[in-house]
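Every value quoted in this text rests on a predicted model; they were computed, and no experiment measured them.
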Amino acid sequence: MSGTQTFTTPAGNTYAYTVEAGENGEAVYDLSQVFQDGVFPIGSVVVHPNWELFPAVKGLLNVQFGKGSPEDRHGRTDLPMLGDGDLPYVVGSHLVNPADLTAETDGEGAALLKFRKRMLGAAFPTNSPAESASQETFEKVRDLVTGLVKVYQADKDTEAREAAYENFLNGKRAEAIEAEIGKLDGRVQALMIQRAALVEKLNRYKAA
């Protein structure tokens, strides 16, 4: 685990963080927001390369809110408290494109990440329905994630973590291809049986 460091977002918010490598090379950030009145823990965000085995777009990053299961949000812990009102917890995950950060902004401020899905919030960390988060929550999360992705890109350990995650994905890819080969083997076997039945029928007609 790294020592505590800080970063400032495009909107001027300051966060303190520590980062450690997850089981498969994920970058797991424990975050606190820094205010004049003190430093307040807000939860965890996990960043790693795109989880899709055969992605159509290269270079995407996955941003997951909370530690734990990549598939089931109810199996996660330490969800970030970035919401407001009745939906204080931000839940789910998003694929983002770091290329957004180098896009032209027409002089309208710093480039920000684009989110391709709705931002979701929940009343409780788990076993609570996800609902659309407020615009204020969306803007706060986008600001934080934009800053965090910059931290991720600048981290000297990111390359090694991404290599570990790529090895993990390669194992998943191998499993997926093996499953496809198994399906093809089953079809081949079925065709061989059908062919054998037709050959036998053909031979009967020839022998008649």
Side-chain angles (χ1 to χ4, degrees), residues 1-2 4-35 37-53 55 57 60-98 100-101 112-152 161 165 168-169 172:
M1 179 182 293
S2 72
T4 301
Q5 302 178 67
T6 62
F7 67 94
T8 300
T9 68
N13 296 308
T14 300
Y15 293 90
Y17 71 94
T18 60
V19 59
E20 62 182 350
E23 180 180 0
N24 300 307
E26 305 90 343
V28 182
Y29 295 93
D30 286 312
L31 296 161
S32 299
Q33 188 163 5
V34 181
F35 297 97
D37 289 341
V39 179
F40 296 85
I42 59 170
S44 297
V45 176
V46 179
V47 181
H48 59 76
N50 188 356
W51 51 266
E52 295 175 317
L53 299 184
V57 179
L60 300 185
L61 294 175
N62 187 66
V63 177
Q64 173 183 306
F65 301 120
K67 302 174 183 177
S69 172
E71 295 89 13
D72 180 12
R73 74 171 182 85
H74 297 290
R76 296 174 190 163
T77 61
D78 204 20
L79 274 73
M81 294 175 284
L82 294 166
D84 52 22
D86 295 331
L87 304 174
Y89 295 95
V90 176
V91 300
S93 62
H94 293 261
L95 288 173
V96 298
N97 193 342
D100 294 342
L101 301 180
L112 299 171
L113 290 171
K114 297 177 182 177
F115 288 80
R116 290 140 181 96
K117 299 189 302 182
R118 292 182 303 152
M119 191 65 63
L120 298 175
F124 302 98
T126 59
N127 302 316
S128 178
E131 303 177 39
S132 293
S134 68
Q135 182 65 25
E136 183 178 351
T137 294
F138 168 77
E139 292 175 359
K140 184 174 183 179
V141 173
R142 180 175 60 174
D143 178 57
L144 166 61
V145 173
T146 294
L148 192 60
V149 165
K150 291 179 180 179
V151 168
Y152 175 89
R161 293 193 194 106
Y165 195 79
F168 164 71
L169 287 185
K172 294 292 185 181

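- Taking CG of Leu101 as the reference point, atom NZ of Lys114 lies at 11.0 Å (rounded to 0.5 Å).
- Once rounded to the nearest 0.5 Å, the distance linking NZ of Lys67 with CD of Glu20 reads 6.0 Å.
- Across all non-hydrogen atoms, the minimal contact from Pro98 to Val96 is CD-O, 3.5 Å.
- The minimum heavy-atom distance linking Gly25 with Arg161 is given by the pair O-CB, 3.1 Å.
- In this pair, Phe7 and Tyr15 present their aromatic rings parallel. The plane angle is below 30°, not in the 30 to 60° band.
- Taking OH of Tyr89 as the start and OG of Ser128 as the end, the distance is 10.0 Å to the nearest 0.5 Å.
- Considering every non-hydrogen atom in both Ala27 and Val19, the closest pair reads CB-CG2, 4.1 Å.
- Summarising the geometry of Arg76 relative to Pro70, their closest heavy-atom pair is NH2-O, 3.1 Å, with the distance given to 0.1 Å.
- Within 6.0 Å of CG in Asp86 there are 12 or fewer heavy atoms belonging to other residues, nucleotides or ligands.
- Residues Pro55 and Leu60 have side chains not in contact (no heavy-atom distance under 4.5 Å, counting atoms from C-beta outward).
- The closest donor-acceptor contact from the side chain of Thr9 to the backbone of Leu144 lies at 3.5 Å or more, if one exists at all.
- Rounding to the nearest 0.5 angstrom, the gap separating the NE2 atom in His74 from the OG atom in Ser69 is 10.5 Å.
- Between Leu61 and Val47, the shortest heavy-atom distance links the atoms CD1-CG1, 4.3 Å.
- How far CG of Leu87 is from CG of Leu82: 13.0 Å, rounded to the nearest 0.5 Å.
- Taking the side chain as every heavy atom from C-beta outward, Glu139 and Gln135 approach each other to under 4.5 Å.
- To the nearest 0.5 angstrom, Phe115 atom CZ is 9.5 Å from Asp100 atom CG.
- Heavy-atom neighbours of Phe40 CZ from other residues, nucleotides or ligands within 6.0 Å: above the threshold of 12.
- Tyr165 is linked by a ring-ring contact (aromatic ring centres under 6.0 Å, His included) to His48, Phe168, counting only residues two or more places apart in sequence or in another chain.
- Counting only heavy atoms from C-beta outward, the side chains of Val57 and Glu52 never approach each other to under 4.5 Å.
- Side-chain contact between Phe65 and Arg73 is absent, with no heavy-atom pair separated by less than 4.5 Å.
- For the pair Ala16 and Val34, the tightest heavy-atom approach, listed with the atom from each and the gap, is N-CG2, 3.9 Å.
- Contact check for Asn62 versus Leu95: side-chain heavy atoms found under the 4.5 Å cut-off.
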